[in-house]
Participant: 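Sharing a structure with you now.
Numbering starts at 1 and runs along the sequence shown.
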Amino acid sequence: MNDQDILGRIQALVAEEHGLREASGAGHAPDQARLKLVEESLDQCWDLLRQRRAKMESGENPNDAAERPVSEVEGYRQ
């Protein structure tokens, strides 16, 4: 997976997240389980993209970056 693939995945997840949130604004209850999964997937994608860019900037192979588990990514402090 390259940066463009990751960015495409991020765009798709953001669109889905917005759709889920907009549905809740129209008087429908959002699918909380799906919304949580989408948010976690977004965090993983952003983390992977940051890893790839950091490796590239430091002269390492960006393909050595790996998706980290949700438990690790969600544990980061902002």
Participant: Which residues pass the side chain to side chain donor-acceptor pair (under 3.5 Å) test with Glu40, sequence neighbours left out?
Facilitator: Lys36

Participant: Salt-bridged, Arg52 to Asp3, with N to O below 4.0 Å?
Facilitator: yes

Participant: Is there a chain of hydrophobic side chains (I, L, V, M, F, W, Y, each step under 4.5 Å between heavy atoms) that links Ile10 to Leu35?
Facilitator: yes

Participant: How long is the straight-line distance from CD of Glu16 back to CG of Asp31, given to the nearest 0.5 Å?
Facilitator: 9.0 Å

Participant: To the nearest 0.5 angstrom, please state how far the CG atom of Leu20 sits from the CG atom of Leu13.
Facilitator: 10.5 Å

Participant: Is there a side chain to side chain contact (heavy atoms under 4.5 Å, CB included) between Asp47 and Arg50? Walk through the geometry before answering.
Facilitator: CA-CA 5 Å; Asp47 176 67; Arg50 282 190 295 272; 4.1 Å; yes

Participant: Please name the pair of heavy atoms, one in Ala66 and one in Leu48, separated by the smallest distance, quoted to 0.1 Å.
Facilitator: C-CD1, 3.7 Å

Participant: Take Lys55 and Asn61 through the side chain to side chain contact (heavy atoms under 4.5 Å, CB included) test and state the conclusion after the steps.
Facilitator: CA-CA 6 Å; Lys55 286 188 178 294; Asn61 184 348; over 6 Å; no

Participant: Should Arg68 and Gln51 count as side-chain neighbours, where that means a heavy-atom distance under 4.5 Å?
Facilitator: yes

Participant: Please check if Val73 and Leu7 belong to a single hydrophobic cluster, counting links between Ile, Leu, Val, Met, Phe, Trp and Tyr side chain heavy atoms closer than 4.5 Å.
Facilitator: no

Participant: Applying the 4.5 Å side-chain criterion to the ILVMFWY set and letting contacts propagate, would Met56 and Leu49 be lumped into a single cluster?
Facilitator: no

Participant: Step by step, work out the salt bridge (Lys or Arg N to Asp or Glu O under 4.0 Å) result for Glu17 and Arg34.
Facilitator: CA-CA 9 Å; Glu17 179 185 27; Arg34 182 62 191 160; over 6 Å; no

